[in-house]
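These notes concern the structure reproduced below.
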Protein chains: 2
Amino acid sequence: MPDQHPTLRAQRRADTQRTIQAHAVRLFTERGYDATTVADVAEAAGVSPMTVYRHFPTKEDLVLVDQHRELAAERVAAAPAGQPLVRRIGRALVESADVLTGDGDERFLLARLRLMISTPALRAKHLDSHYALQQAIVDALEPGGDTFHAQAAAGACLAAMHTALMRWAEDDGRTALPDLIAEALTAAFGPDAL
Amino acid sequence: MPDQHPTLRAQRRADTQRTIQAHAVRLFTERGYDATTVADVAEAAGVSPMTVYRHFPTKEDLVLVDQHRELAAERVAAAPAGQPLVRRIGRALVESADVLTGDGDERFLLARLRLMISTPALRAKHLDSHYALQQAIVDALEPGGDTFHAQAAAGACLAAMHTALMRWAEDDGRTALPDLIAEALTAAFGPDAL
DNA sequence: CCTCCGCATGTTAGTCACTACCAAGTCGGT
DNA sequence: ACCGACTTGGTAGTGACTAACATGCGGAGG
């Protein structure tokens with residue numbers, strides 16, 4: 001069997017990665033992010049500190065894993081080109097949020113979001129990842145030329161989505177995230193936004 | 001003279017602060033942010049590392065000093081209440097940018113902006129300071145009750161302003177910053193935004 | 001079944017941002 | 001001239017992160 005490649009090795013790797021992250025988020029929530037050292041996380045997960053750094057380049061990455069970027073960029077690229085920029089981006093964001101929250105790990109996502117809100121270092125890096133997402137969206141929209149309009153539109157849409165994310169975490173996920181994002185977009189851009 | 005309080009002591013303090021920051025921005029620009037240690041900055045400024053930390057709590061604060069927050073929040077609070085949220089916030093941002101760039105230290109501001117763009121750590125903290133600015137704007141707009149709409153509108157406006165800041169730095173300040181902000185706002189919210 | 005290659009992990013030593021804790025000098029007013 | 005507040009410097013420590021090298025297990029081939 002030459003192509004059963006994703007075998008035990010990759011499996012094990014993914015397992016330890018998940019284990020480390022789960023223990024990290026739990027400890028951060030219980031004791032606080034700053035009060036928890038990477039060594040604590042490693043001990044709880046039953047590995048050495050080095051192993052933690054091999055799987056997660058920085059302590060912040062234990063909380064921030066970006067599943068959003070490719071997903072949203074792909075949806076934006078697939079949107080019909082005839083619509084205004086804000087509508088194309090906005091709909092793509094609502095759709096990708098639909099996919100994200102349907103994955104089952106909603107509680108875990110909420111816990112991570114709460115950490116991002118309350119911890120300055122995590123909040124800052126999370127906002128920077130939104131900036132990277134903005135670039136990805138712009139690249140998907142206009143692969144060249146003057147991107148000023150696209151940059152502004154994408155940034156504004158993502159800021160609105162960020163407000164929706166914060167509210168979603170505050171409400172402990174009671175309201176559906178896509179609905180919240182749509183509400184934030186209409187709040188910022190008017191009733192014709194979507 | 002009991003009330004000549006802002007005397008030599010405060011003067012000296014402000015002087016060393018400016019000296020340290022000037023050397024820091026120069027060294028960061030010349031050698032790169034990560035390749036420059038706080039000890040390097042201290043030595044260049046002729047002080048001990050301790051003194052640097054007393055004036056600037058973190059290395060990032062050597063570049064990021066937020067003169068924007070109170071200024072913009074005050075302008076937002078002063079805006080007429082009859083207008084839509086985006087217009088009130090947008091005009092306040094354009095006005096405060098007008099004040100900021102008129103202060104004479106435009107080259108220094110540009111150098112700091114370029115550092116913020118190119119250095120991930122600085123970019124992240126800068127975006128987080130925009131998030132704090134967003135909160136200040138919302139507080140100035142709606143002191144209580146449901147702030148969801150204000151949050152979304154303020155965040156979107158600030159994201160548009162951020163795009164304008166990036167472009168301004170790229171253009172080396174050739175275009176007037178208030179004009180760029182206005183352009184970004186109309187790009188995101190349509191021609192009726194302002 | 002044995003062997004060799006590669007990958008995941010561990011250990012050590014080091015850099016650097018940052019933080020008390022304590023000592024010294026200096027400016028301000030009495 | 002003296003005293004209190006402020007500014008600075010030195011020392012020792014914590015914790016995130018890196019580089020270099022050693023180990024041990026999984027997965028191929030003979």
Side-chain angles (χ1 to χ4, degrees), chain A residues 1-21 23-25 27-28 31-64 115 119-125 128, chain B residues 1-21 23-25 27-28 31-65 115 119-126 128:
Chain A
M1 307 149 186
D3 214 4
Q4 200 191 350
H5 258 265
T7 359
L8 287 181
R9 202 114 88 177
Q11 185 71 22
R12 275 220 191 293
R13 181 170 176 81
D15 279 350
T16 54
Q17 193 153 334
R18 258 192 304 275
T19 303
I20 292 172
Q21 198 190 26
H23 282 282
V25 171
L27 288 179
F28 291 162
R31 310 184 195 169
Y33 179 80
D34 292 322
T36 308
T37 71
V38 176
D40 292 338
V41 174
E43 193 184 2
V47 297
S48 90
M50 278 303 311
T51 304
V52 176
Y53 284 119
R54 279 209 231 288
H55 287 270
F56 302 90
T58 73
K59 185 183 178 186
E60 288 122 3
D61 288 319
L62 285 165
V63 179
L64 309 162
L115 282 171
T119 309
L122 292 174
R123 197 177 51 217
K125 265 221 165 186
D128 193 49
Chain B
M1 308 151 183
D3 213 5
Q4 199 189 351
H5 258 266
T7 0
L8 287 182
R9 204 115 86 176
Q11 184 70 23
R12 274 219 191 294
R13 182 170 176 81
D15 280 350
T16 54
Q17 193 151 335
R18 259 193 303 275
T19 303
I20 292 172
Q21 199 190 26
H23 282 281
V25 171
L27 287 179
F28 291 162
R31 310 183 196 171
Y33 179 80
D34 292 322
T36 309
T37 70
V38 176
D40 292 339
V41 174
E43 193 184 1
V47 297
S48 89
M50 283 298 313
T51 304
V52 176
Y53 283 118
R54 283 216 226 296
H55 288 269
F56 302 91
T58 73
K59 187 183 176 185
E60 287 123 5
D61 289 318
L62 285 165
V63 178
L64 308 164
V65 256
L115 282 171
T119 309
L122 293 174
R123 196 177 51 216
K125 265 221 166 186
H126 180 235
D128 193 49

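Here is the naming used below: chain letters follow the sequence lines, and residue numbers restart at 1 for every chain. Hydrogens, waters and symmetry mates play no part in the numbers below; they use all other heavy atoms, side chains included.
Two residues are said to be in side-chain contact when any heavy atoms from C-beta on lie closer than 4.5 Å; A:Phe28 and A:Val41 meet this criterion. Contact check for A:Val52 versus A:Pro49: no side-chain heavy atoms found under the 4.5 Å cut-off.
Each of B:Val38 and A:Gly46 was assigned the nucleotide of DNA chain C with the nearest heavy atom; the assignment lying further toward the 5' end belongs to A:Gly46. Summary of the strand contacts: B:Lys59 and B:Arg12 both lie near DNA chain C, and taking for each the nucleotide with the nearest heavy atom, the more 5' one is attributed to B:Lys59. Mapping A:Glu60 and B:Thr16 onto DNA chain D via the closest heavy atom, the residue that lands nearer the 5' end is B:Thr16.
Taking only side-chain atoms of B:Thr37, from C-beta outward, the nucleotide of D:dA16, C:dG10, C:dC16 with the closest atom is C:dC16. Of the candidates C:dC27, C:dG10, C:dC18, C:dC18 carries the atom nearest the B:Thr58 side chain, counting heavy atoms from C-beta on. For B:Arg54, whose side chain is taken as the heavy atoms from C-beta onward, the closest listed nucleotide among C:dA17, C:dT11, D:dT8 is D:dT8. Each of C:dC18, C:dA20, C:dT11 was ranked by its minimum atom distance to the side chain of A:Met50; first place goes to C:dT11. For B:Arg13, the listed nucleotide lying nearest its side chain is D:dT8; candidates were D:dT8, C:dA20, D:dA16.
Taking atom OH of residue B:Tyr53 and atom C1' of nucleotide C:dC18, one finds them 5 Å apart after rounding to whole Å. Whole-Å rounding puts the B:Gln17 CD to D:dC6 P distance at 16 Å. Atom CZ of B:Phe56 is separated from atom P of D:dT7 by 14 Å (rounded to the nearest Å). One atom, CZ of A:Arg31, and another, P of D:dG15, lie 12 Å apart when rounded to the nearest Å. When the P atom of C:dC16 is taken as reference, atom OH of B:Tyr33 falls 14 Å away, rounded to whole Å. Note: CZ (B:Phe28) to P (C:dC16) measures 13 Å, nearest angstrom. Straight-line distance from the CD1 atom of B:Ile20 to the C1' atom of D:dT7: 11 Å, rounded to whole Å. To the nearest angstrom, P of C:dT11 lies 13 Å from CD of A:Glu43.
Exactly one of B:Arg18, B:Arg13, B:Arg12 qualifies for a salt bridge (Lys or Arg N to Asp or Glu O under 4.0 Å) with B:Asp15. That residue is B:Arg18.
The backbone N or O of B:Leu62 lies less than 3.5 Å from a partner atom in the side chain of B:Gln21, making a donor-acceptor pair.
Residue contacts for B:Pro57: at a heavy-atom cut-off of 4.0 Å it reaches the sugar-phosphate backbone alone, with no base atom in range.
Judged by the 6.0 Å distance and 45° axis criteria, B:Lys59 is positioned over the aromatic ring of B:Tyr33.
The side chain of A:His55 contributes an N or O atom lying less than 4.0 Å from OP1 or OP2 of C:dT9.
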